[in-house]
Amino acid sequence: MFFYYLRLARISIVKHWGLSLLMIVAIGLGIGASMTTVTVNYLMSANPIPHKSSQLYNVQLDSWDINEPYNDDGTPPEQLTYRDGTNLLNANKAFRHSLQAQANGVIEPEGKDSLPFMVSARANTADFFTMFDLPFIYGGGWDSAADLNKQQVVVINSETNQRVFGGENSVGRDLKINGNYFKVVGVIDYWDPKPRFYDISTGAFNDAEEIFVPFAMIAEEKIGRSGNTNCWKTPEGEGFEGFLNSECVWLQFWVELPNQQDKEDYLSFLNAYVEEQKAFGRFERPLNNKLLNVMQWLEQQQVVEDDAIMMMAMSLMFLIVCLLNTVGLLLAKSLGKAPEIGLRQALGASRRTLFAQYIIESACIGIAGGILGLCFAWLGLQGIGALYGDMLKGLTSLDTNMVASAIALAIVSSILAGLYPTWRACNVQPSQQLKSQ
Amino acid sequence: MLTMKNVSKVFKTDNIQTHALRDFSLTVNEGDFVSVTGPSGSGKTTFLNIAGLLETFSSGDFLLDDISIQQLNDRQRSKIRNEKIGFIFQSFNLIPDLNLFDNVDVPLRYRGFNAKERKQRIEHNLDMVGLASRMKHLPSQLSGGQQQRVAIARALATDPRFLLADEPTGNLDTQMAQSVMSLLEDINKQGTTIVMVTHDNDLANRASRKIQIKDGRVSELDVVVANSQAIA
Amino acid sequence: MLELGLIFRALLRNKVGALLIGLQIALTLTIMTNAIFMMQERNAQMDRPSGLDEANLFFVNNTIFATDYNQQVALEEDLTLLRNTEGVVDAIQINAIPMSGGGWSMGLQTESGVGKDSVGVAVYMVDDHAINTLGLELIAGENFSINDIQWRESSQTTWPAKTIITQAMAESLFADDWHSAVGKTAYISQEQPMQIIGIVKTLQAPWNGWDGVERSMLVPFKMETMGSRYMIKTEPGRRDELMPIIEKALADSNKGRIIRRVTTMDDIRERSYRGHNAVNKILSTVIVVLTLITGFGIVGLAMFSINRRTKQIGTRRALGASKGQIMSYFMIENIMISSFGIVLGIAGAIGLNIWLVNTLSMSPINIEIIVFGVIVLYFVGQLAVLYPARKAANIPPATATRTA
C-alpha cells in the first residue's frame, strides 16, 4: 500500500504542480534559513574536545577590585594573575595542570634567502600537550623538568615545520625565535579546536597557535606576550618584574581532574588558597572561585555570538511562517479533494487508510522541501562564509548530523503542517460528497 | 441479506429536529433487484447511505448478513463496504486525476489483492463494460455513459454481493440510460443483489421489487417475488 | 459597502484559512519590523564618523626582533624617512588603530584619589604630528609642542603632564560646559594629574561596540616597544601607490624588524563593520523572501477559494454583480484578514523587541518602523490578491446554469 500511496502522492503533486511547488519552495526556504543559522550556532556551541570535556576544568579566582565586580553579572575574571598562576602551578594539586598565555615571536629561518616571519605562539607548561591531546607527527611535548630548568625548547605545527624545515623530521634541530635558539622537541599535526576553548580571551574562534614554548620563557623575556591583559590597579613595582607581581590578569590555568571527588577536593584547595592570600591583603572580594568544565566554561563565557542567536530566532520564526503557508495551502488542497475522499470511503477506505495516504503526500512534499532546503542551507552558508570571510572560518560547513537533521526537520514539520488539513479531510462526511454536485 | 427494523435517522440543527427516516423497516433478500422511488426529500438517499454504511442512524436495528451494523467502528464498516457493497452514483464520481485503470483499481487496493489479481480483475471488468481499450484514458476524455460504465466496472471489481445505485441514469440520456439499465439487469441475473434509487417509473418497473419511500416511511408497491415481505 | 457584514460572515465560515493567512501576516510583520529596526541601528553605527581622514590613511605594523636594537634612534630614523617620502603628508607612531578592536583604555577622573568616579577613555600614544596625520579637527585649546613629547619604556606606569581629549570625553568629564575643560586637570591612574590642553571634535576609540566609543585621549608619548604601528597620511589619491613603496623602504632601511600588515583605514572599517554588513544583508534577504512567501501564500489561498466558489461567483454575476463588485469583494476580504494579522503582528513586533532588548540588550523599537511595516503589508496583501480577484471577476455569469 505504501508504494500505492507514493504513486497517488506523485499524481496529486504533479496535477497541482503550482501549489505543490509553492509549498516545496516555502518549506525549502524555511528549512534552508533555519539550517543555515542553526548550523552556525551549532558549530559555535560545539564541544571542541568531546571525549574529555567533563574532566578539563578552567580555574577562575576573583582577585578583582573590592569596589567594583569584574563583570556586572558577578562572574570572576576569566584569567589569572601571574602570582596566582604560578602559586597554583607550584602547589601541584591536580592530576594534570597547564598554565599558559598567548604570545608571539619572529622566526628567522636559516639561509640567506629566507625572510624572517611572525608566528603566533603559546607559552605553556608541559601538561598542555597531554591534557588537550595534541596530535604529534614527530617527537612530543617537553617534560616538567624542562619547565623548571627554563629550557629553550619548542613544539611547532606542521605548517611552520614545512616552512622552516621543508616538512622533514626536525626534532633536535634549532629554531631561531626572537634572536634566541630553541630546540625543536616535537611537531604537531593539524590541530584547531573550535571554539578555541583553552583561551577565548581574544576571541573564541581564533586559530590555534603555530608554536609552543615553555611558559617560563615569558618571565625570561625570551618571548613577547600578547593577548588580553586587564588590570584594576596600576602595577606597584617597576618594569616587567613589577608587571609580573601586579594584580593584572592575563593567564589561563586549566586542570585535569578525572572524577567528581577530585573536582571537589580541588575546589576546596582553591578556596583554602584564596583564604590564605586574604592574609596578604589580596582577594578582598567575597569568595567567588569557579571551577568549570569545558562546556560550562563556554556557556559562562557566552561564546555563541548575539548576532547568531538573534538570527537563529528570526529564521525559526521564518520557518514557522513557511509552515503556516504550507498548512494553508494543504488545507485548500484537501478541501478541493473532499469529493474524492468521500468516494474513497464509499469504496472501502477507512479513515486510517485515508489519513496514511494524505500524510504520505505531506511527507513527500516535506522530503522535497527538505532536499531543496539543504541546497538553500548550503547556499546560505556559502553566503555567510563570503560575507564574514575569515571571521567565521570553520563555522560554515554542513556535516552529516546537520544534513540528517535538516531532512528530519523538513519531514517532521511538513507532517505537522499536514496534520490538521488531513484530519479535516478525513472527517469529510462521505454521503454529502457523493450526491451530484 | 439486509434487514432494517425501526431504523430512524434524525438530523439535529440548533433548534430543529428533522426526521429523515422514521421507524423504517425493510428486508431485502439475496438476489433481489429492488427499486426505490419517492418524492424529493422523502429519505431515499438517507436510506441508501445507511444501507451502504456511509451514514450512521439514530435508532433501530440494521443487520447485514446477520451482522449488526450499529456496533461497528470505522475500520470494520470500511471493510464491509469494500468487500460486500458496490456503489454507483448519479454523477459517476470517478477520480478525475486517475485514469480508468487506476479508478477501477481503487477498491481493489483497499481490498489488498496482489498486483496480478488486481490487473486481471480490472481488465475483466472494463472488458465487461466495453471499455478495455481505453484503460489509459482520463475520465474527462469519456462521455457520460462511458463514465457511468466505468463506475459500474469499478463497483463490480471486488465482486460485491450487494450493489447500491443512486439515480444511476439521472445524468444520462434515454438511450444511454437503457444500456446502463440492461447492464444492471444482467448483473442481477448473475446473482448480485441490487438496490436502485430512481425517480423514473419506467426504470423502476423493470425491477423485481418496487418500494416507495414517503416522509421517511416505506411502502411496498408491487410484490413480484413471492417470498419478499414488507412490514409497513 | 453594505457588503462588509456579508463578507465578514462569509469569512467566519472559513475561519481556519483566514486565521492561517492572518498568522502569517502577523509573523511577517513581527520579523520585518524588528529586522528593519536592527538594520537601522547598525546603519546608524556605521555612519558615525571616526574623525579620521580615512581615505588617505594607512598603517604598518613594525615588529622588532633583533636583540641589539636602539629603539629611540630607529624610531626617529623611521619617522624622518616617512615624513620625507614624496607624497606623504605626515606620519606618526601610534599604539592603537581606531575601529580595529584592539587598544588601551584607562580611566580619567576630575578629583584625585581612590574610589572616585572615573570615566573610561581610549588612549592613543602619539606625538605632536597626530592631529595633522589623522586629520583631526582641533576645536579648542592647542596641539602638543615638541617639548611635551616624552619617551615611554615598555611597562612604564607614569604618564605625561598634558593631554588632548575628544569633545565627547570633555562632555563626560565636565557635563555643564565642555569648553571649560581646556586648562583643567584630570587624574589618570587615580592620582596622576594631566592637564587638558586641547579638545578635538571626533576621534573614535578602537572598539566600535563600546558605548563610550567617542571618548578618546591623545597622550604625548613616543614608545620604546618591540611592536608598534606607524600611521601614514598620503596626498589625496596616492595611498595605494605609496603603500608598497613605503613597505619596501622601511624594510630595506633596517633589517632588525619585520614590516607587516600594511593596511588601509578603509580595510579596517570594512573589517570592523563586516559583521554588521553581513547581518544587514542577511536580514534584508530574510525580509524580501519572507514578504514573497507571504504574498504567494495569499495568492495560493485566494486562487483556491475562488476555484471553489466558481459557481457561486457565476451566480452572483448572473444576479447582477458587476466585475468591480466581485473584485472589491476579494480585496475587502483581504483587508479584513490583513487587519487581523496586523493587529496581532504589532503585538508580536513589540513582544519580540522586548525579548531582544532583554536577552541581547538591544534598544526599544520606534513606532515609525511599525507604521511602515503595516503599510507595506497592506500593500503586499492587496497586490497579492489582485490577480486572483481579477480572475474571479472574469468568471462568466453563464457558469451559474451549468452543472459542474
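Order of the sequence lines fixes the chain letters, A, B, ..., with proteins taken first and strands second; residue numbering starts at 1 for each chain. As a basis for the values below, the full set of heavy atoms in this structure was taken, side chains included, without hydrogen atoms, waters or symmetry mates. From a predicted model like this one, the values you see are computed outputs, not experimental measurements.
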Asks: Name the member of C:Gly101, C:Ala35, C:Gly275, C:Ser305 that forms the most heavy-atom pairs with chain A at distances under 4.5 Å.
Replies: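 Top count of heavy-atom pairs under 4.5 Å with chain A: C:Gly275.
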Asks: Measure the CE-CZ distance between A:Met118 and C:Arg261 for me, rounded to the nearest 0.5 Å.
Replies: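 A:Met118 atom CE to C:Arg261 atom CZ measures 10.0 Å (nearest 0.5 Å).
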Asks: Quick one: pull up SG in A:Cys231 and CE in C:Met106 and give me the separation to the nearest 0.5 Å.
Replies: 8.5 Å
Asks: Chain C: which of A:Asp65, A:Ile384, A:Val327, A:Asn228 shares the most heavy-atom pairs with it under 4.5 Å?
Replies: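 If we count pairs closer than 4.5 Å to chain C, A:Val327 comes out on top.
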Asks: Could you tell me whether A:Glu299 atom CD has more than 12 heavy atoms of other residues or ligands within 6.0 Å of it?
Replies: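 At most 12 heavy atoms, drawn from other residues, nucleotides or ligands, come within 6.0 Å of this atom.
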Asks: Against chain C, label A:Met311 side chain, backbone, both or neither, depending on which of its atoms sit under 4.5 Å from a heavy atom there.
Replies: side chain
Asks: With a 4.5 angstrom heavy-atom cut-off, which part of A:Ile177 approaches chain C: side chain, backbone, both or neither?
Replies: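 For A:Ile177, there is no contact with chain C at all, as no heavy atom is under 4.5 Å.
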Asks: Show the numbers, then the answer: is there a side chain to side chain contact (heavy atoms under 4.5 Å, CB included) between A:Phe318 and C:Leu27?
Replies: CA-CA 8 Å; A:Phe318 183 96; C:Leu27 274 173; over 6 Å; no
Asks: Atom CG of residue position C:Asp117 - does it have more than 12 heavy atoms of other residues, nucleotides or ligands inside 6.0 Å?
Replies: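 Not buried by this count: 12 neighbours or fewer within 6.0 Å.
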Asks: What distance separates C:Lys116 NZ from A:Asn67 CG, expressed to the nearest 0.5 Å?
Replies: 11.0 Å
Asks: Determine whether C:Ile293 and A:Leu29 make a side-chain contact, defined as any pair of heavy atoms from C-beta on separated by less than 4.5 Å.
Replies: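 Side-chain contact under 4.5 Å: yes.
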Asks: Just checking A:Glu220: does its CD atom have more than 12 heavy atoms from other residues, nucleotides or ligands closer to it than 6.0 angstrom?
Replies: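 Yes, the 6.0 Å shell around CD holds more than 12 heavy atoms from other groups.
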Asks: For side chain to side chain contact (heavy atoms under 4.5 Å, CB included), just list the numbers for C:Phe65 and A:Asn180, CA-CA rounded to whole Å, side-chain angles, deciding distance to a tenth of an Å, and then say yes or no.
Replies: CA-CA 10 Å; C:Phe65 59 86; A:Asn180 297 298; over 6 Å; no
Asks: Using a 3.5 Å distance criterion without hydrogens, assess whether the side chain of A:Asn325 forms a donor-acceptor pair with backbone atoms of C:Gln24.
Replies: no
Asks: A:Ala26 versus chain C, heavy atoms under 4.5 Å apart: side chain, backbone, both or neither?
Replies: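 A:Ala26 touches chain C through backbone and side-chain heavy atoms alike.
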Asks: With side chain to side chain contact (heavy atoms under 4.5 Å, CB included) as the criterion, how do C:Val16 and A:Tyr420 come out once you've worked through the C-alpha distance, each side chain's angles and the decisive distance to 0.1 Å?
Replies: CA-CA 10 Å; C:Val16 181; A:Tyr420 176 72; 3.1 Å; yes
Asks: Top residue by heavy-atom pair count (under 4.5 Å) with chain A, among C:Trp355, C:Phe296, C:Phe304?
Replies: C:Phe304
Asks: So if I apply the side-chain contact (heavy atoms from CB on, under 4.5 Å) rule between C:Leu20 and each of A:Leu329, A:Leu330, A:Thr326, A:Leu324, which one comes out positive?
Replies: A:Leu324
Asks: Quick one: closest heavy-atom pair of C:Ile282 and A:Tyr388, and the distance?
Replies: CD1-CE1, 4.4 Å
Asks: At a heavy-atom separation under 4.5 Å, does C:Ile25 approach chain A through its side chain, its backbone, both, or neither?
Replies: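 Looking at C:Ile25, nothing touches chain A.
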Asks: Could you tell me which of C:Leu283, C:Thr28, C:Val289 has the largest number of non-hydrogen atom pairs under 4.5 Å with chain A?
Replies: C:Val289
Asks: If I measure from the heavy atoms of chain A, does C:Asn34 come under 4.5 Å with its side chain, its backbone, both, or neither?
Replies: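 Its backbone and side chain both get close to chain A.
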Asks: With a 4.5 angstrom heavy-atom cut-off, could you sort out which part of C:Arg257 is near chain A: side chain, backbone, both or neither?
Replies: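 Nothing of C:Arg257, per the 4.5 Å heavy-atom cut-off to chain A.
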Asks: Could you state the interatomic distance from OG1 (C:Thr359) to CD1 (A:Ile309), rounded to the nearest 0.5 Å?
Replies: 7.5 Å
Asks: Of all the heavy-atom pairs spanning A:Leu331 and C:Gly17, show the shortest one and how long it is.
Replies: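 Answer, listing the atom of A:Leu331 first, then C:Gly17: CD2-N, 4.2 Å.
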Asks: Chain C heavy atoms under 4.5 Å from A:Ala313: which part of the residue, side chain, backbone, both or neither?
Replies: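 Answer is side chain: those atoms of A:Ala313 sit under 4.5 Å from chain C.
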Asks: So which part of C:Met303 gets closer than 4.5 Å to some heavy atom of chain A, the side chain, the backbone, both or neither?
Replies: neither
Asks: Check whether any side-chain heavy atom of A:Phe243 lies under 4.5 Å from a side-chain heavy atom of C:Thr157, and answer yes or no.
Replies: no
Asks: What pair of heavy atoms forms the shortest contact from A:Ala332 to C:Leu301, and how long is it?
Replies: CB-CD2, 3.6 Å
Asks: Heavy-atom pairs under 4.5 Å with chain C: which of A:Thr36, A:Asn104, A:Asn178 has the most?
Replies: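 The residue among A:Thr36, A:Asn104, A:Asn178 with the greatest pair count is A:Asn178.
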Asks: Chain C heavy atoms under 4.5 Å from A:Leu22: which part of the residue, side chain, backbone, both or neither?
Replies: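 Only the side chain of A:Leu22 comes within 4.5 Å of chain C.
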Asks: Report which part of C:Ala26 has an atom under 4.5 Å of a heavy atom belonging to chain A: side chain, backbone, both, or neither.
Replies: neither
Asks: Quick check on C:Arg42 against chain A: is it the side chain, the backbone, both or neither that has a heavy atom closer than 4.5 Å?
Replies: side chain
Asks: Is there a side-chain contact between A:Met314 and C:Leu352 (heavy atoms, below 4.5 Å)?
Replies: yes
Asks: Can you tell me which of C:Arg271, C:Glu153, C:Lys255 forms the most heavy-atom pairs within a distance under 4.5 Å of chain A?
Replies: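 The residue among C:Arg271, C:Glu153, C:Lys255 with the greatest pair count is C:Arg271.
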Asks: For C:Ile31, is it the side chain, the backbone, both or neither that has a heavy atom under 4.5 Å from a heavy atom of chain A?
Replies: both
Asks: Enter the distance from A:Met310:CE to C:Leu356:CG here, rounded to the nearest 0.5 Å.
Replies: 7.5 Å
Asks: Please classify the contact between C:Thr285 and chain A as side chain, backbone, both or neither, with a heavy-atom cut-off of under 4.5 Å.
Replies: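 No part of C:Thr285 comes within 4.5 Å of chain A.
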